[in-house]
Each structure stands twice: as structure tokens, then as C-alpha cells.
**Q** 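Before I ask anything, let me first share the structure, which is written out below as C-alpha cells.
Throughout, protein chains are lettered first and strands after them, A, B, ... in sequence-line order, and every chain is numbered starting at 1.
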There are 2 protein chains.
Amino acid sequence: MTYGDAIDATFHALGDPTRRALLDRLRTGPLPVCDLAADLPISRPAVSQHLRVLSEAGLLLVTPQGTRRLYSIAPDGIAALRTYLDTVWDDALAGFAAAAHAQAAKAARKE
Amino acid sequence: MTYGDAIDATFHALGDPTRRALLDRLRTGPLPVCDLAADLPISRPAVSQHLRVLSEAGLLLVTPQGTRRLYSIAPDGIAALRTYLDTVWDDALAGFAAAAHAQAAKAARKE
DNA sequence: CATCTCCGTAAGTCATGACTTACCGTAAGT
DNA sequence: ACTTACGGTAAGTCATGACTTACGGAGATG
């Protein structure tokens with residue numbers, strides 16, 4: 001029924017637009033918290049909380065550098081997401097094709 | 001900055017575990033609402049509301065059949081998701097590789 | 001037509017979670 | 001050692017949204 005709590009946390013983390021904005025911002029490379037907060041209309045602690053959620057979901061990595069903490073996208077997290085989506089995708093396509101087939105057969109029988 | 005409200009609605013819809021359970025349930029093929037509600041510990045109206053959210057996010061298709069309404073996964077919705085993830089994925093991998101490279105170069109310089 | 005099943009909508013309740021300010025560590029610079 | 005920048009945590013507020021029950025409409029069945 002569930003693909004595990006990991007995927008669960010991942011999708012929950014991605015559900016928030018601000019967190020996706022953070023991910024987008026990190027696409028070009030690692031950044032410290034202050035830089036991330038400067039681009040967003042929310043307070044720095046709020047950013048910290050979002051980063052925490054993303055990290056616990058396995059989507060971010062942290063590398064302390066002096067007094068700063070550089071956040072970067074975790075390839076493993078994205079990989080898990082893609083794996084999940086690929087599964088849903090394949091099954092859905094197969095199911096869709098089968099349904100379309102059945103539908104076409106039924107229509108052909110009817111007309 | 002945003003990939004559009006469509007992707008926004010899609011991720012929001014996927015953020016709820018019950019809705020992902022509905023998607024999982026529909027992977028094998030279209031089902032009417034009563035069947036979907038039977039598998040979940042929530043009321044049927046709650047299921048209807050989730051189905052509405054998923055439909056508006058472009059993730060589900062509806063095909064009325066008499067008094068029933070068959071819900072099925074919308075391939076286009078999943079496709080949009082994959083496209084978005086592919087973009088994030090590619091950029092992140094490139095950024096990660098670049099960062100790792102810089103890190104390795106710095107480490108080599110230091111030692 | 002009467003009835004029954006299927007299902008969407010409305011209204012209201014309640015939990016979750018996204019923000020705020022205030023505070024406290026930790027590391028670098030003087 | 002003192003100060004300053006960075007950033008995580010705590011506590012509290014407030015909006016969002018996930019559920020409930022009650023209701024109404026639309027199609028099948030007698």
C-alpha cells in the first residue's frame with residue numbers, strides 16, 4: 001500500500017510551494033541559508049524549518065563550512081522519486097492501454 | 001521562478017498520502033468511487049473530495065458510465081510531473097558534479 | 001411512477017502545518 | 001575576551017485543508 005515512509009515524507013516535503021522554490025534555487029549549486037532566505041518573502045527561521053523538512057525527506061544535503069551551512073540537492077532523494085514515478089507511470093500506461101483496448105473492443109462490438 | 005500553477009496543483013495533490021493511495025489503487029485500471037472508498041478508512045464524500053483535487057490537478061480522468069463514474073490515471077498529468085523532475089534532476093546532477101569537482105580540486109590543493 | 005444505488009456538494013468541525021518573534025549556541029574577526 | 005554574523009530551536013498564532021454528517025440530483029430497476 002505504501003512505498004515506505006521515505007517516499008511519504010518526500011512527497012509531503014514537495015507539497016509546499018516555498019520548499020519547491022528552495023529546491024529550484026539550489027539547482028544551480030549549494031547555497032548558505034542567508035542567501036536562500038534573501039530570495040524569499042519569509043523570515044530566515046521559516047527557511048530553516050523548510051530546509052529541515054527537506055533534509056529529513058532526504059532531498060537535501062548539508063555541509064557545514066565555518067559558521068555557514070551549505071545546503072545542496074541530494075541526488076539520492078530525487079532518484080527515489082523518479083523510481084516511484086516510473087513505477088506508477090509504467091503501470092498506469094499499461095492499465096490505460098488495456099482500458100482503451102477494452103473500450104475499443106466494446107465499441108466495435110456495439111456498433 | 002514557477003513552472004506554472006499546473007505543476008503547483010499537481011505537487012499539492014500528491015502531498016496527501018490518501019490521494020497517493022488512490023493513485024496507487026488506480027494503477028491497475030479504472031475504478032468507480034464506491035470501490036475506491038471501500039478500500040479506505042474514510043467516508044465516501046471524503047474520497048470524492050480527494051478525487052476532485054486529483055482531477056483538477058490533471059492527474060485523473062473521469063468517464064461516466066450510467067450512475068457510476070470511472071476514475072482513471074491521466075497519462076498527461078504523470079508526464080508533466082516527469083518532465084519537471086527531469087529538469088530538476090539534470091540541473092541538480094550537473095550542479096552536484098560541479099560541486100564535487102570543485103571540492104575534490106580544493107581537497108587536492110590542500111593536501 | 002416509486003425506489004434504490006451511486007455520487008457530488010454544502011456546511012461545519014478539528015487537526016495540521018506554515019509563519020512569526022524571541023532566544024541561544026557556535027565560529028570567525030578585532 | 002568581546003563582538004558580530006550565521007543559523008538552529010522554542011513557543012505561540014493563524015490559515016489551510018482533511019474529515020464528518022446532511023442533503024440533492026441523476027440514472028438504473030421494479
**Q** Does A:R44 make a side-chain donor-acceptor contact with the base of D:dG7, cut-off 3.5 Å?
**A** yes
**Q** Give the rounded distance in Å between these two atoms: CG of B:L14 and P of D:dG17.
**A** 15 Å
**Q** Judged by each residue's nearest nucleotide on DNA chain C, which is more toward the 5′ side, B:Q49 or B:P32?
**A** B:P32
**Q** Would you find a donor on one side and an acceptor on the other, under 3.5 Å apart, between the side chain of A:R19 and the backbone of A:A13?
**A** yes
**Q** Between A:D35 and A:R25, is the closest basic N to carboxylate O distance under 4.0 Å?
**A** no
**Q** With heavy-atom distances below 4.5 Å as the criterion, would you say the side chains of B:L22 and B:D39 are in contact?
**A** no
**Q** Figure out the NE2/P separation between A:H50 and D:dT9, and round it to whole Å.
**A** 15 Å
**Q** Under 4.0 Å: is that the gap between some side-chain N or O of B:Y71 and OP1 or OP2 of C:dG8?
**A** yes
**Q** Which part of the nucleic acid, if any, lies within reach of A:P45 when heavy atoms closer than 4.0 Å are counted: base, sugar-phosphate only, or nothing?
**A** base
**Q** OP1 or OP2 of C:dG8 sitting under 4.0 Å from any side-chain N/O of B:S48?
**A** yes
**Q** In the strands shown, is C:dG29 matched to any nucleotide by a Watson-Crick or G-U wobble pair with both distances under 3.5 Å, and which?
**A** D:dC2
**Q** Which residue in the set B:P30, B:P32, B:S55 passes side-chain contact (heavy atoms from CB on, under 4.5 Å) when paired with B:Y71?
**A** B:S55
**Q** D:dG7 C1' sits how many Å from A:L36 CG, rounded?
**A** 12 Å
**Q** What's the CZ-P distance between A:R52 and C:dC19, to the nearest Å?
**A** 16 Å
**Q** Over all strands shown, is B:P64 touching base, sugar-phosphate only, or nothing at heavy-atom distances under 4.0 angstrom?
**A** nothing
**Q** So, does B:R68 get its side chain near the phosphate of C:dC7, meaning an N or O under 4.0 Å from OP1 or OP2?
**A** no
**Q** Looking at every non-hydrogen atom in both residues, tell me the closest pair between A:I73 and A:L23 and how far apart they are.
**A** CD1-O, 3.6 Å
**Q** Verify the contact: side-chain N or O of A:S43 to OP1 or OP2 of C:dT20, cut-off strictly under 4.0 Å; return yes or no.
**A** yes
**Q** On the nucleotide D:dT16, are OP1 or OP2 found under 4.0 Å from the side-chain N or O atoms that B:H12 carries?
**A** no
**Q** Take the protein atom CG of A:D16 and the nucleotide atom P of D:dG17, then report the distance between them rounded to whole Å.
**A** 10 Å
**Q** To the nearest Å, give me how far apart CZ (A:F11) and P (C:dG17) are.
**A** 17 Å
**Q** Just the rounded figure in Å: distance from C1' of C:dG17 to CG of A:L54.
**A** 14 Å
**Q** Calculate the interatomic distance between A:E56 atom CD and C:dG17 atom C1'; express it in whole Å.
**A** 14 Å
